[in-house]
Number of protein chains: 2
Amino acid sequence: MGATDDSGAAVTTATSPRELAHPARDEIRLEGVLHALSDPMRLRVVRELAAAGAEVSCSSIELPVTKSTTTHHFRVLRECGVIRQVYRGTAKMNGIRRADLDALFPGLLDTVLSAAENQAARLENP
Amino acid sequence: MGATDDSGAAVTTATSPRELAHPARDEIRLEGVLHALSDPMRLRVVRELAAAGAEVSCSSIELPVTKSTTTHHFRVLRECGVIRQVYRGTAKMNGIRRADLDALFPGLLDTVLSAAENQAARLENP
DNA sequence: GCAGTCGTACGATAACCTTCGTAGTACGGC
DNA sequence: GCCGTACTACGAAGGTTATCGTACGACTGC
């Protein structure tokens, strides 16, 4: 009910009622992206999405939190412009907005991902 | 007193009582750095410190907040391992821990700084 | 149509973060 | 010794966040 006209201005052509609102490319803010990536759960999600490469359903990424919390983290990532979410039947597919992020902040995503991998390797082999 | 043995393990050779505790290089976490940089005030501080290059006193960076809040942000930056703070008379000098950050997360700081500059230019000329 | 799976919405709670004001400490100059 | 400057510590208000549980809506398969 009334999902498109009362809340946000950056609704990217919501044709179906079951469409999700994403920020446009020039609505994405660096601070928001950094904040989204500064949470361990969300950084883990982004790393798995980047490793998968293609679209991945929410439930295929296992997190040590409840489903409600998982939904919350995916929503934060979407609203900060880091991932794109599309309904596909009963599942919701997730993918990194690599083109938008690379255009706005060249190299940022790759640098953060490799930094995360460096740190993970360092914490496993001390 | 007893400032060195009860709270933390990573106290970098505190000789004087007026020494500040910094995390050691391998205590710095990527999530902490990203969180520190995700605040507009702190990102601004880091940008000015990077532009200055050398050590800068706290009061030479003007922020639209009170001095208490400024102290708080500098402390967060220090505790996350982004800056190094040293007392120098009545002033406290601040510098970016570039060597440590570059060793842990190669390219991260420069990428974030250039992303911040890109965004600032984009927001000024829309 | 019915049941099962996938994900959402809403309420609640506890923790955290940002900001401020005030009071206080350390250092340098008179 | 005394005062001014630079910064800190503490307490508090206000908002945001992360987490959970439960109840609900959407789609698929029988």
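Atoms considered below: every heavy atom in the structure, side chains included; atoms not considered: hydrogens, waters and symmetry mates. Chain letters run A, B, ... following the sequence lines, proteins first, then strands; residues in each count from 1.
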Which donor-acceptor pairs under 3.5 Å do the side chains of residues 113-126 of chain B make with protein atoms, sequence neighbours left out?
unit_1: B:Ser114; atom_1: OG; unit_2: B:Thr111; atom_2: O; d: 3.3
unit_1: B:Gln119; atom_1: OE1; unit_2: A:Leu30; atom_2: N; d: 2.7
unit_1: B:Gln119; atom_1: NE2; unit_2: A:Glu31; atom_2: OE1; d: 3.0

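- With hydrogens and angles left out, the side-chain atoms of B:Thr66 and B:Thr69 include a donor and acceptor closer than 3.5 Å.
- Every residue two or more places apart in sequence or in another chain that forms a side-chain contact (heavy atoms from CB on, under 4.5 Å) with B:Arg44 is listed here: B:Glu48, B:Leu63, B:Pro64.
- Considering B:Leu77, B:Val76, B:Leu101 as possible partners of B:Ile83, the one that fulfils the side-chain contact (heavy atoms from CB on, under 4.5 Å) test is B:Leu77.
- If you run side-chain contact (heavy atoms from CB on, under 4.5 Å) between A:Arg84 and each of A:Asn94, A:Asp100, A:Ile96, only A:Asp100 comes through.
- Dashed line: the shortest gap from a side-chain N or O of A:Ser57 to OP1 or OP2 of C:dC6 is not under 4.0 Å.
- Distance, A:Leu20 CG to C:dG7 C1': 11 Å, rounded to whole Å.
- In the region residues 28-42 of chain B, proximity to DNA chain C at under 4.0 angstrom, judged on heavy atoms, holds for B:Asp39, B:Arg42.
- At whole-Å resolution of the value, NE2 in B:His72 and P in C:dC16 are 13 Å apart.
- Spacing between atom CE of A:Met93 and atom C1' of D:dC27 amounts to 15 Å, rounded to whole angstrom units.
- Between the C1' atom of D:dA9 and the CZ atom of B:Arg75 lies a distance of 8 Å, rounded to the nearest Å.
- For the side-chain contact (heavy atoms from CB on, under 4.5 Å) test, residues two or more places apart in sequence or in another chain that qualify with A:Ser57 are A:Ser59, A:Ser60, A:Ala91, A:Met93.
- Here the C1' atom of nucleotide C:dT19 and the CG atom of B:Leu63 are 13 Å apart, to the nearest Å.
- Per the geometry, CG belonging to A:Leu43 stands 13 Å off P belonging to D:dA18, to the nearest Å.
- Looking at residues two or more places apart in sequence or on another chain, you find a side chain to side chain donor-acceptor pair (under 3.5 Å) between A:His73 and A:Arg42.
- Atom CZ of A:Arg25 is surrounded by more than 12 heavy atoms from other residues, nucleotides or ligands within 6.0 Å.
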Please write out each protein N/O paired with an N/O of nucleotides 20-23 of chain D under 3.5 Å, distance rounded to 0.1 Å.
unit_1: D:dC20; atom_1: OP2; unit_2: A:Thr66; atom_2: N; d: 2.8
unit_1: D:dC20; atom_1: OP2; unit_2: A:Thr66; atom_2: OG1; d: 3.3
unit_1: D:dC20; atom_1: OP2; unit_2: A:Thr69; atom_2: OG1; d: 3.0
unit_1: D:dG21; atom_1: N7; unit_2: A:Ser68; atom_2: OG; d: 3.4
unit_1: D:dG21; atom_1: O6; unit_2: A:Ser68; atom_2: OG; d: 3.0
unit_1: D:dT22; atom_1: O4; unit_2: A:Ser68; atom_2: OG; d: 3.3

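- The separation between B:His73 atom NE2 and C:dC17 atom P is 12 Å, rounded to whole Å.
- Taking side-chain N and O atoms only, A:Thr90 has no distance below 4.0 Å to OP1 or OP2 of C:dG7.
- A donor-acceptor contact shorter than 3.5 Å links the side chain of B:Arg78 to the backbone of B:Ala21.
- We find that CD of A:Glu62 is positioned 11 Å from P of C:dC6, with the value rounded to whole Å.
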